[in-house]
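Beneath this line is the structure, given in structure tokens, with notes to follow.
For clarity, every value in this text was computed on a predicted model and none was experimentally measured. Counting starts at 1 for both ligands and their atoms, in listed order.
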Amino acid sequence: MTLVAVSKQQPDERIEAMLAAGQRVFGENRVQEAQQRWIGRRAGVELRLIGPLQTNKVREAVALFDVIETVDREKLARAVADDMVRTGRSPRIYVQVNTGEEPQKAGVAPGEADAFIALCRGMGLTPEGLMCIPPDGEEPDAHFALLARIAARNGLSKLSMGMSADYETAVRLGATSVRVGSALFGGRTPR
Ligand SMILES: *Cc1c(COP(=O)(O)O)cnc(C)c1O
């Protein structure tokens, strides 16, 4: 089980305290914010992109992150694959699934996940797992279970699921990493 400490919007002193406590895996949802926060403290840290990625930010994302958890469409997968060839860098890849099929939320629809994973593999990407963010105000159990089923039938071993409010449920349903922000750092300062 990997604890991904979600450091977005957190002040420097909390980041330093978390590093001093020995935490080494961090999640960020914006490329530019992550660059600013982690420049100068990047050594020995695993950084994961857990927010939506625009194709025009792919270069920076591939250069900065060890793991990109939000690959969810063909154009993006293609851009990441091309940049990995160009740079020789190979961040680990997760496919984000929109388990609640919410129109405003990123992620491939559950019914399209198998085909999308195959498409990624055909491009030379090797996704290692799936990521989801269940709808607000719904019991997350069914969403986590759905993500686990999609992963199992596609031979993917990693499940990034669970946040401050629901990580215990996620772990019970097979999460291999949980993304915890406010429960670990305290509340975020709104941007
Ligand atoms: C902000 C964020 C988290 C952490 O949320 P908390 O509720 O503070 O734990 C987890 N996953 C993603 C994708 C996020 O954007």
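Ligand-side atoms of ligand 1 in range of S164: 6 (P), 7 (O), 8 (O), 9 (O), range being under 4.0 angstrom from any heavy atom. Atoms of ligand 1 lying under 4.0 Å from any heavy atom of S182, numbered from 1 in the order shown and given with element: 6 (P), 7 (O), 8 (O), 9 (O). Atoms of ligand 1 found under 4.0 Å from any heavy atom of I133, numbered from 1 in the order shown, are 13 (C). For ligand 1, the atoms sitting less than 4.0 Å from at least one non-hydrogen atom of R179 are 4 (C), 9 (O), 10 (C), 11 (N), 12 (C), 13 (C), numbered in the order shown with element in parentheses. Residue V180 approaches ligand 1 through these ligand atoms, each under 4.0 Å from one of its heavy atoms: 9 (O).
When atom types are taken as modelled, the side chain of R121 and the backbone of I117 share no donor-acceptor pair closer than 3.5 angstrom. A donor-acceptor pair under 3.5 Å links the side-chain atoms of Q23 to the main chain of L3, judged by distance alone.
Contacts between L184 and ligand 1, counted as non-hydrogen atom pairs separated by less than 4.0 Å, are absent for every part of the residue.
In this structure, E69 does not count as a contact residue of ligand 1, since none of its heavy atoms falls inside 4.0 Å of the ligand.
A side-chain contact (heavy atoms from CB on, under 4.5 Å) with I133 is found for exactly one of H143, R179, E102, namely R179. Only one option out of V178, I50, L184, V180 pairs with V6 in a side-chain contact (heavy atoms from CB on, under 4.5 Å); it is I50.
In terms of protein heavy-atom proximity, atom 5 (O) of ligand 1 is closest to M163 CE, 3.6 Å. Among all non-hydrogen protein atoms, the one lying nearest atom 12 (C) of ligand 1 is I50 CD1, 3.5 Å.
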**Criterion salt bridge (charged side-chain N to carboxylate O under 4.0 Å, His left out) on R48 and E69, from CA distance to verdict** = CA-CA 7 Å; R48 297 185 172 215; E69 296 202 1; 2.8 Å; yes
**Request:** Tell me, with the steps shown, if R78 and E74 meet salt bridge (charged side-chain N to carboxylate O under 4.0 Å, His left out).
**Result:** CA-CA 6 Å; R78 182 86 56 196; E74 179 171 0; 3.2 Å; yes
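An N or O contact shorter than 3.5 Å links G181 to ligand 1 by distance. Considering both main-chain and side-chain atoms, K8 comes within under 3.5 Å of ligand 1 through a nitrogen or oxygen pair.
S7 and E28 share a side-chain donor-acceptor pair at under 3.5 Å.
Within the model, atoms CZ of F144 and CE of M161 stand 6.0 Å from one another, a figure rounded to the nearest 0.5 Å.
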